[in-house]
Amino acid sequence: MDATHRPVISATGLYTPPETVTNAELVDSFNEYVRRHNAEHADAIAAGNRPALEPSSVEFIEKASGIKSRHVVDKASVLDPGTMCPRIPERANDELSIMAEVGVTAARQALERAGRAPGQVDAVLCAASNMQRAYPAMAIEIQHALGIDGFGFDMNVACSSATFGIQTAADYIRAGNARSVLVVSPEITSGHLNWRDRDSHFIFGDVATAVLVEDAELAPADHWDILGTKLKTVFSNNIRNNFGFLNRAAPEGAGQPDKLFVQEGRKVFKEVVPMVAAMIVEEADRLGIDPRSLRRLWLHQANAGMNRLIAQKVLGHEASEDESPTVLDTYANTSSAGSIIAFHQHSGDLVAGDTGIICSFGAGYSAGTVFVRKAG
Ligand code: COA
């Protein structure tokens, strides 16, 4: 079979953890933590030596973010006011690690949907905002578990990891270095979320997605042509996580909140919306596509208000749910997986010739666009 060097999306896969946490459950747990904390420190608070913690509210969460519930890998521990962190027991080195496990489940679905045997895949990219260990790469473990010959490596561009992974995979195909590449995004965000932080305790959810990017020659008829990919990064401290391998070299900072996800949400909102809207419009222009003609926007799923504004700027009118589908109401922010979940769940009804965009944005700042057209 000849290679066309033309990258397409052959199929996607999704793994959703069975347990969900509603805002009401989350707020009950958080407020119990606040009650206990304030009772424990009552004297210091009364003496003005320590601020009292404020309770959270379901109304605030829904209004500010659009999130109603999220999936998590360990509900009991994140909701236990004495723990407020997932508990995932360590596994032996010869057992599949949890990130690989959820990634493999999503990847298998993508392979099945494409009718692809693992032996035909050339590379695996594990593109996610956190890796469970330094090495060996999660991607190589996933590659091994699936029985793929070839190569794999990890890449982390925070919320934009999946779109950066798609462009990387597409570039391998364009260059002729691979014909079938799996981009796997296992996002166990409950591990980096500070469940005790009122400003952000509601933000994230767990999931895994997979995207099979292939040479058009190899792809099933029912694929998505990749019309163009564009990546952008602009340094910002407004979303930051200082967790890293040098933490042990500064033990005074161990366990501090900055070793988990921290953000200036309002600044992120204000700065990222115009950046992403302009990027989509410029890239559409470069590709000779009228942005107002886009049939569907599969946007990063962090905040319903951000998506409403971006979609409005791109389409020139308030987007309907059909034009810009929401998954963050039930998945919350799943970091790099969000726009892929939206694409996975809301692309089956589109017909040959329909053009849309997968778009991610987040920490870095980082943003990625993938313009796709349904083949047929
Ligand atoms: N419950 C009740 N009230 C809360 C609260 C909570 N859990 N958290 C914050 N508040 C209060 C604040 O104290 C503040 O009160 P004040 O006005 O009296 O000072 C008020 O609500 C507004 O807080 P703010 O943090 O400014 O809220 P916001 O409207 O900016 O919404 C986010 C917060 C995080 C939902 C929003 O900023 C956001 O989604 N930003 C973009 C995030 C993003 O995309 N990040 C990318 C990560 S990948």
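We use all heavy atoms of the structure for the numbers below, so side chains are in, but hydrogens, waters and symmetry mates are not. Every number for a ligand or one of its atoms is a count from 1 in the order of the listing. In this text, all values refer to a predicted model and were calculated from it rather than measured experimentally.
- Between the choices F202, F30, F60, the shortest heavy-atom distance to atom 5 (C) of ligand 1 belongs to F60.
- Residue S56 places at least one N or O, backbone or side chain, under 3.5 Å from an N or O of ligand 1.
- Every atom of ligand 1 with a heavy atom of I239 under 4.0 Å away is listed here by number and element: 46 (C), 47 (C).
- Checking S360, S335, S339 one by one against C159, the side-chain contact (heavy atoms from CB on, under 4.5 Å) holds for a single residue, S335.
- Residues T209 and E187 have side chains not in contact (no heavy-atom distance under 4.5 Å, counting atoms from C-beta outward).
- Contacts between V272 and ligand 1 below 4.0 angstrom, taking non-hydrogen atoms only, are absent altogether.
- Of all the atoms in ligand 1, the ones that sit under 4.0 Å from a non-hydrogen atom of Q263 are 34 (C), 42 (C), 43 (C), 45 (N), 46 (C), 47 (C).
- Close approach of ligand 1 to S57 is summarised as follows: ligand atoms under 4.0 Å from at least one heavy atom of the residue are 1 (N), 2 (C).
- If you check the side chains of E283 and T369, you find no donor sitting under 3.5 Å from an acceptor.
- Other residues, nucleotides and ligands place more than 12 heavy atoms under 6.0 Å from the NZ atom of K259.
- Only side-chain heavy atoms of M306 come within less than 4.0 Å of ligand 1; its backbone N, CA, C and O stay farther off.
- For ligand 1, the atoms closer than 4.0 angstrom to any heavy atom of G265 are 37 (O), 40 (N), 41 (C).
- Atoms of ligand 1 found under 4.0 Å from any heavy atom of N303, numbered from 1 in the order shown, are 35 (C), 36 (C), 38 (C), 39 (O).
- Within 6.0 Å of CD in E90 there are 12 or fewer heavy atoms belonging to other residues, nucleotides or ligands.
- Within a 4.0 Å radius of atom 30 (O) of ligand 1, the protein contributes at least one heavy atom.
- At the shortest separation from atom 3 (N) of ligand 1 among protein heavy atoms lies R198 NH2, 3.1 Å.
- Residue P86 comes nearest to W195 through the heavy atom pair CD-NE1, 4.2 Å, listed as atom of the first residue, atom of the second, then distance.
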Side-chain donor-acceptor pairs under 3.5 Å in residues 133-144, sequence neighbours left out?
unit_1, atom_1, unit_2, atom_2, d
R133, NE, P136, O, 2.7
R133, NH1, E141, OE1, 3.1
R133, NH2, P136, O, 3.0
R133, NH2, E141, OE1, 2.8
E141, OE1, S97, OG, 2.6
E141, OE2, S97, N, 2.9
E141, OE2, S97, OG, 3.2
Q143, NE2, I148, O, 3.1
Q143, NE2, G150, O, 3.3

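- Only the side chain of C159 comes within 4.0 Å of ligand 1, counting heavy atoms alone; its backbone N, CA, C and O stay farther away.
- Taking distance alone, with nitrogen or oxygen atoms compared against 3.5 Å, S65 stays at or beyond that limit from ligand 1.
- The environment of CG in D322 is crowded: more than 12 heavy-atom neighbours from other residues, nucleotides or ligands sit within 6.0 Å.
- Note: no N/O pair closer than 3.5 Å links N333 and ligand 1 by distance alone.
- Here the protein heavy atom with the shortest distance to atom 26 (O) of ligand 1 is R266 NE, 3.0 Å.
- For atom 15 (O) of ligand 1, the nearest protein heavy atom lies 4.0 Å away or farther.
- Counting only heavy atoms, the protein gets under 4.0 Å from atom 7 (N) of ligand 1.
- Every residue two or more places apart in sequence or in another chain that forms a salt bridge (charged side-chain N to carboxylate O under 4.0 Å, His left out) with E32 is listed here: R35, R36.
- With a 4.0 Å cut-off on non-hydrogen atoms, A302 touches ligand 1 through its side chain and not its backbone.
- In terms of heavy-atom proximity, T189 sits nearest to D206 at N-OD1, 2.9 Å.
- Hydrophobic clustering (ILVMFWY, side-chain heavy atoms < 4.5 Å, transitive): V102 and L14 are in distinct clusters.
- Distances from atom 43 (C) of ligand 1 to the protein include at least one heavy-atom value under 4.0 Å.
- Annotation for ligand 1: atoms under 4.0 Å from non-hydrogen atoms of D199 are 8 (N), 9 (C).
- The number of heavy atoms from other shown groups lying within 6.0 Å of CG (D43) does not exceed 12.
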